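Since this is a predicted model, take the numbers as computed values, not measurements. Every chain is numbered from 1 and lettered A, B, ... according to where its sequence line falls, protein lines coming before strand lines.
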2 protein chains.
Amino acid sequence: MEVTLKDVAAQVGVAPSTVSRALNRKAGVSERTRSAILATAKRLGYIPNAAARGLARKRTESLGFLVNPQQLLRPDAFYLEILEGVEQVTQERGYQLVFSTENAKVLLKAKRVDGLILAGCDLKQSTILLLKRRGIPLILVDNHLEFDQIDSVVIDNVSGAYTAVAHLAELGHRTIGFIAERLDDLNFSERFEGYRRALQAYGLPYDQALVASGPAELSGKPEDATLYGQIAMQRLLKLKLPTAVFAANDGAAAGALRAIRAAGLRVPEELAIVGFDDGFIARHTEPLLTTMRVHRREMGQVAARLLLERIAAPDQPVRQVKFSAQLIVRASSGKELAREVRDDPKLSRPAEASRTSAKYISLGGIFSC
Amino acid sequence: MEVTLKDVAAQVGVAPSTVSRALNRKAGVSERTRSAILATAKRLGYIPNAAARGLARKRTESLGFLVNPQQLLRPDAFYLEILEGVEQVTQERGYQLVFSTENAKVLLKAKRVDGLILAGCDLKQSTILLLKRRGIPLILVDNHLEFDQIDSVVIDNVSGAYTAVAHLAELGHRTIGFIAERLDDLNFSERFEGYRRALQAYGLPYDQALVASGPAELSGKPEDATLYGQIAMQRLLKLKLPTAVFAANDGAAAGALRAIRAAGLRVPEELAIVGFDDGFIARHTEPLLTTMRVHRREMGQVAARLLLERIAAPDQPVRQVKFSAQLIVRASSGKELAREVRDDPKLSRPAEASRTSAKYISLGGIFSC
DNA sequence: TTGAAAGCGCTAACAT
DNA sequence: ATGTTAGCGCTTTCAA
C-alpha cells in the first residue's frame, strides 16, 4: 500500500494534523517537529494523495486547458507554445494541467479543475459564457470578449500591424497591400485596423484594391492558411500591383510568396512582404520572412499566473494583459527603396510613431507581471 | 453549493448507496428506482465529484501524457496529433487527460494518474524504468524498449523504409542515397535498416558514400531537422551523386530539397526524393513530397486503449502494436526513369516485396483493435 | 432490491 | 505547539 500521512505521523509519533501542517508549511509547528516530519516523510517516500487533498480542500489543484482542435494542429504550433508556457507555471506551482480539445462535456471537465484557460478565438462564445455563468474561473488567451468581463491575455494586434506597415513605409513603400486568409477573425481584423492606421499616419491613401483575403468558405483545415494566403495574393495581384504587402500572419505570407513567385516577381526587390507571428515558417521561407514576433510562451505563462490569482481572489477587478509584438527584420522586406522614390514629397512621416515599448498594458492602467 | 449524490438521494427518497449503484449502472437496482434516480440526477444537474470518487475507488480516472518538450514543438506537430488521438479516447471513456512535458516531479504527476502515456523516443530511459518499477501502468508511443517489457505502439519503420526505397527502385533508380538528420535515433536507425534491406532485395550494392547524416552535435532544436537534412544532403552530394534519395523523415527531405536546389539539380528529373511521416511539410515543399504516411492520430487512439486495457488487467501479456506506413506518391519521386536505364539487366526485381498489409502486428501474433 | 455504516486520505475547526 | 474530532462526497461491504 501507499505511504499515507498517517504512516508518517505514526513514525514520527505525532498526530496526522501536525504532519499536515508541517507539510503544508503552515504556522504553528515547532522547528524541531517540522524537520523531523519532513525527514521521515522523505525517507518513507510519502507522496500526498491528490484526491484526498482535493476532497478536503474543495479544490483540485489543477488547471484545464481548452483549445479548438483545428487550431491545435496549426503547423506553426502556435497554441502549443502557449501550452508550454502554461505547463511551466502549473508545474512550478504544483498544479496539474488537464488538457482538452473543445468537445462536448465541457462542464464535466470544468468540474474537475479549479480554473480554465481558454485558448484561441475559435472557441464558441456560447461555451465561454456557459462556463462563466457557472462561476468557473476563466482566462482567455489570444481572445477576448467585447462586453463580458473576463480576464484575458492578448496580442496588441493594432500596434503590431502598425509597426509592420510603418516598417514598410519607412523603407519607402507607398503602395502597400494587405492580405489575410480571412477577415472575420478577431486577430486579423485588428491587424487590418493597424494597417489602416499606419497608412493614415504615413499619409498613404487607403485603396480597397490593395486588400484581399482567401475564399469565404473555409476549409476548416488550419494548415490551409498558406493556401488561402496564396489565393489572397493572387487576387491582389490581379487588382493592383503594390510594392509591398503586409500579411496578417506568417502562413498567409508564405502562401503569398508562392503566388508572387508564380507571378514571376522577385522578393524583396519587386515586392516586399512582412508577416505576423514569427512562427516556425518565418525562418523557412525563401527569402526569410520579416515578421512581427508574438511571445507565445510568455503569454501562456502570464495566463496561468493570472488565472491562479483569479482563483485566489475571485473578486478582484477584471484584467487584460496585452503583449506587444516585436518587429523582426529579415530578408523579405529588403532594404530601402531607391532615393527618388523615397524623397517623393507625398511620403510624409508621422509626427510620432506610436510604438508601444511597454510589454504589458492593462485595461485599467499599467500592469506588471 | 454543488449538488451531491446525497441531495439526489434525498430528492428521490432512497439511500445514497442506491443512487451510487444506479449512476454506475451496477446490478441490483430495480428499473423503476434507477430511472427515477437518473431523472432527478439530471434535473438537479448532478455532476459527480471526481476527487471523492477517486478517493473511494482508489483511482483517478485520468491518464497522463508525457512528452519531451523539444519534441512537442516539432513543426510537424507529430506528437500533437498523437495527443489528439489520445484525447479522443480519454474523452469517450470519461477519463481526464493530464498533460506534462518531461520535467522533474514525474513521480508526483504519476501519482495523480491511473496510467501514463510516454510519447517519443527522447524520454530518458531512466525515467521510464523508474516509473515502471513503481508499478505505474505505462505505454510507450513511437518508442519501445528492447529488453524491458512495456506495452508500446510503434511505426513499422523497417518495412516502411523498405517500401519507400522499393518505390524508387521500381521507378528504375539504381543509386539510391540515404540521409537522416542523425542516425542514433531509434526510428531513423530502423529506417536505415529498411533502406539496406530494400537495396539487397533489389540487388543494389550498399555504398557507404551514399549515406549521410547531419552534424554529430545536435542543436536540440527540433525545428533544425530541416537544417540537418540540408547539411546531410550537402555532404552526400560531395561524396557521390545518386539519382534518388530516401530521407529518414520529411524535415530532412525538405532540407535536402534546399541543398539539391542550391546545387542546381532538378527534382525529380535529376534527383528523386522520398521522405517519411507525411507531415504538414510534405504538402508544402516544391515539388510536393512523396513520403510514407504515419498514422499518428490512430497511434494515439490505440495507445490510450491499450493503456486502459492494461489498467483494467495489469497481468495480461505485454503487447506491441506496430503501424505500417503508407506510401503516398507525390511529385518528388517523379515518373519512371528512361527505358534504357530500366532495362539494365543488373536491376533485378525481388521475388516478393514484403509489403505489410496488416495494420496491426502484435508481438505474439495478430492483434486487432 | 435496498439501506446502514464504515472508510478512502486528507484538512481544518476546535480543544488543550 | 500539538492533539482530537468531524467531515469532504463517494463507494463498498455487510445486513436486512
Side-chain angles (χ1 to χ4, degrees), chain A residues 1-38 40-41 44-62 94-96 107-108 110-114 312, chain B residues 1-38 40-41 44-62 94-96 107-108 110-114 312:
Chain A
M1 227 11 239
E2 287 294 334
V3 182
T4 72
L5 182 146
K6 225 169 162 178
D7 299 332
V8 178
Q11 273 286 323
V12 183
V14 294
S17 51
T18 306
V19 177
S20 173
R21 280 187 279 257
L23 261 32
N24 294 300
R25 309 148 202 279
K26 294 208 175 170
V29 184
S30 74
E31 202 40 64
R32 254 177 71 38
T33 34
R34 153 165 292 140
S35 58
I37 288 169
L38 261 45
T40 43
L44 265 42
Y46 168 74
I47 296 175
N49 179 316
R53 172 174 285 176
L55 187 57
R57 291 214 255 227
K58 295 179 179 293
R59 289 194 272 122
T60 62
E61 313 272 283
S62 67
Y95 269 69
Q96 289 277 89
L107 278 176
L108 224 160
K111 273 280 298 177
R112 291 175 164 221
V113 296
D114 295 338
Chain B
M1 228 7 241
E2 287 293 334
V3 182
T4 72
L5 183 146
K6 224 169 161 180
D7 300 332
V8 178
Q11 273 286 322
V12 183
V14 294
S17 50
T18 306
V19 177
S20 172
R21 279 188 278 258
L23 260 31
N24 294 299
R25 307 149 203 280
K26 294 209 177 169
V29 184
S30 74
E31 202 41 64
R32 254 179 71 40
T33 32
R34 153 164 293 139
S35 57
I37 289 170
L38 261 46
T40 43
L44 265 44
Y46 169 73
I47 296 175
N49 178 314
R53 173 174 285 176
L55 186 57
R57 290 210 248 218
K58 296 175 178 295
R59 290 194 270 121
T60 62
E61 313 271 281
S62 68
Y95 269 68
Q96 289 276 90
L107 277 177
L108 223 160
K111 273 282 297 179
R112 290 174 164 222
V113 297
D114 295 339

In chain order, what residues pass the side-chain contact (heavy atoms from CB on, under 4.5 Å) check against A:A50, with sequence neighbours excluded?
B:R112
Listed partners of B:A56 passing side-chain contact (heavy atoms from CB on, under 4.5 Å), at least two apart
none
Which heavy atom of [X] sits nearest a heavy atom of [Y], and at what distance?
X	Y	result
A:V14	A:V19	CG2-CG2, 3.8 Å
A:A51	B:G54	CB-C, 4.2 Å
B:Y46	B:L5	CE1-N, 3.3 Å
B:A22	B:L38	O-CD1, 4.1 Å
B:E61	B:D114	N-OD2, 2.7 Å

Any residue in residues 28-38 of chain B with a heavy atom nearer than 4.0 angstrom to DNA chain C? Just list them by number, or reply none.
B:G28, B:V29, B:S30, B:T33
Would you give me the side-chain donor-acceptor pairs under 3.5 Å for residues 28-35 of chain A, sequence neighbours excluded?
unit_1: A:S30; atom_1: OG; unit_2: A:T33; atom_2: N; d: 3.3
unit_1: A:S30; atom_1: OG; unit_2: A:T33; atom_2: OG1; d: 2.5
unit_1: A:T33; atom_1: OG1; unit_2: A:S30; atom_2: O; d: 3.0
unit_1: A:R34; atom_1: NH2; unit_2: A:K26; atom_2: O; d: 2.9
unit_1: A:S35; atom_1: OG; unit_2: A:E31; atom_2: O; d: 3.1
unit_1: A:S35; atom_1: OG; unit_2: A:R32; atom_2: O; d: 2.9

Return no unless some side-chain N or O of A:K58 is found under 4.0 Å from OP1 or OP2 of D:dG7.
no
Could you give the [atom1]-to-[atom2] distance, from [X] to [N], as a whole number of Å?
X	N	atom1	atom2	value
A:K6	D:dT4	NZ	P	13 Å
B:E2	D:dC10	CD	P	10 Å
A:L55	C:dG7	CG	P	17 Å
A:N49	C:dT11	CG	C1'	13 Å

Going 5' to 3' through nucleotides 11-16 of chain D and flagging B where a protein heavy-atom sits under 4.0 Å of the base, S where only the sugar-phosphate is that close, and - otherwise, we get BBB---
Are the side chains of B:N24 and B:R57 in contact, using a 4.5 Å heavy-atom criterion?
yes
Quick check on the helix from C:dT1-D:dA16 to C:dT16-D:dA1: what's the angle between its two end axes, five base pairs per end, to the nearest 10°?
40°
Any chance you could measure A:L44, atom CG, to A:T4, atom OG1, to the nearest 0.5 Å?
9.5 Å
Value for CZ (A:R59) from OH (A:Y95), rounded to nearest 0.5 Å, stands at 5.0 Å
